Amino acid sequence: IPYEGLGGIKLYSTLSELEPLLKSYNAEADSYLPYKDWIRYEIRDTAYLFFHNKNGKLWQMTALENYKGKLFGNIGVGITEKELLQIDNSFVFDEGVESFSSPKGAFIETEVHTTQKAYAISVYVKERDNPDFEEGKW
């Protein structure tokens with residue numbers, strides 16, 4: 001659910017609050033990220049959880065191939081670009097990042113050059129686009 005969470009995990013939760021859950025799934029932190037202020041944990045082939053290092057809060061969650069939930073009740077990993085746009089025409093393709101984004105608080109990454117199917121669906125906090133987001137002031 002955009003601006004809320006994924007699979008019962010709530011956006012804005014702190015890393016310390018979710019540490020027991022991450023341990024139970026043997027989630028591992030990813031040391032390769034383009035931004036030093038973020039840390040990403042992977043629940044193997046199911047979800048990525050992105051935390052902001054300056055405030056410790058969960059700001060983005062990404063559903064991967066083993067995630068069974070549906071965005072807006074009917075958009076899941078594996079959906080084609082054509083099906084996506086038939087279901088919800090608020091999604092617009094951004095060539096710069098090769099993904100479809102919606103002003104409703106979600107973006108979908110697809111295999112643009114091959115299958116045109118979604119391989120990741122992300123939801124995030126409302127503050128993501130605020131000028132002070134990178135400072136962790138949210």
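Because the structure is predicted, anything quoted here is derived from the model rather than measured.
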Which distance, rounded to the nearest 0.5 Å, do you find between the CD1 of Ile79 and the OH of Tyr119?
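Going from CD1 on Ile79 over to OH on Tyr119, the span is 16.0 Å.
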Approximate separation, where rounding is to 0.5 Å, of Leu15 CG and Glu17 CD:
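Going from CG on Leu15 over to CD on Glu17, the span is 9.5 Å.
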Do Leu6 and Ile1 have side chains that get closer than 4.5 Å, going by heavy atoms?
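The answer is no, as the side chains (C-beta and beyond) never meet within the 4.5 Å cut-off.
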Could you tell me whether [X] atom [atom1] has more than 12 heavy atoms of other residues or ligands within 6.0 Å of it?
X      : atom1 : answer
Glu111 : CD    : yes
Phe72  : CZ    : yes
Lys70  : NZ    : yes

Please tabulate, for side-chain N and O atoms in residues 45-52, each donor-acceptor pair with protein atoms closer than 3.5 Å (sequence neighbours left out).
residue, atom, partner, partner atom, Å
Thr46, OG1, Arg44, O, 3.1
His52, ND1, Lys54, N, 3.1
His52, NE2, Phe133, O, 3.2
His52, NE2, Glu134, O, 3.3

Mind checking what makes side chain to side chain donor-acceptor pair (under 3.5 Å) contact with Ser24, not counting sequence neighbours?
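Per chain and number, Ser24 pairs via side chain to side chain donor-acceptor pair (under 3.5 Å) with no residue.
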For Glu83, give me all partners under side chain to side chain donor-acceptor pair (under 3.5 Å), at least two apart in sequence or on another chain.
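Glu83: side chain to side chain donor-acceptor pair (under 3.5 Å) contacts with Thr80.
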Under 3.5 Å, which donor-acceptor pairs do the side chains of residues 84-106 form with other protein atoms, sequence neighbours left out?
residue, atom, partner, partner atom, Å
Asp88, OD1, Ser90, N, 2.8
Asp88, OD1, Ser90, OG, 2.6
Asp88, OD2, Lys104, NZ, 2.9
Ser90, OG, Ser102, OG, 2.8
Asp94, OD1, Gly96, N, 2.8
Glu98, OE2, His113, NE2, 3.1
Ser102, OG, Lys104, N, 3.0

N/O donor-acceptor pairs under 3.5 Å from side chains in residues 57-64, not counting sequence neighbours:
residue, atom, partner, partner atom, Å
Lys57, NZ, Trp138, O, 2.9
Gln60, NE2, Thr62, OG1, 3.4
Thr62, OG1, Ser122, OG, 2.6

Does anything in residues 2-13 pair up under side chain to side chain donor-acceptor pair (under 3.5 Å), and if so which pairs, sequence neighbours excluded?
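Counting only pairs at least two positions apart or across chains, the side chain to side chain donor-acceptor pair (under 3.5 Å) contacts touching residues 2-13 are Tyr12-Glu127.
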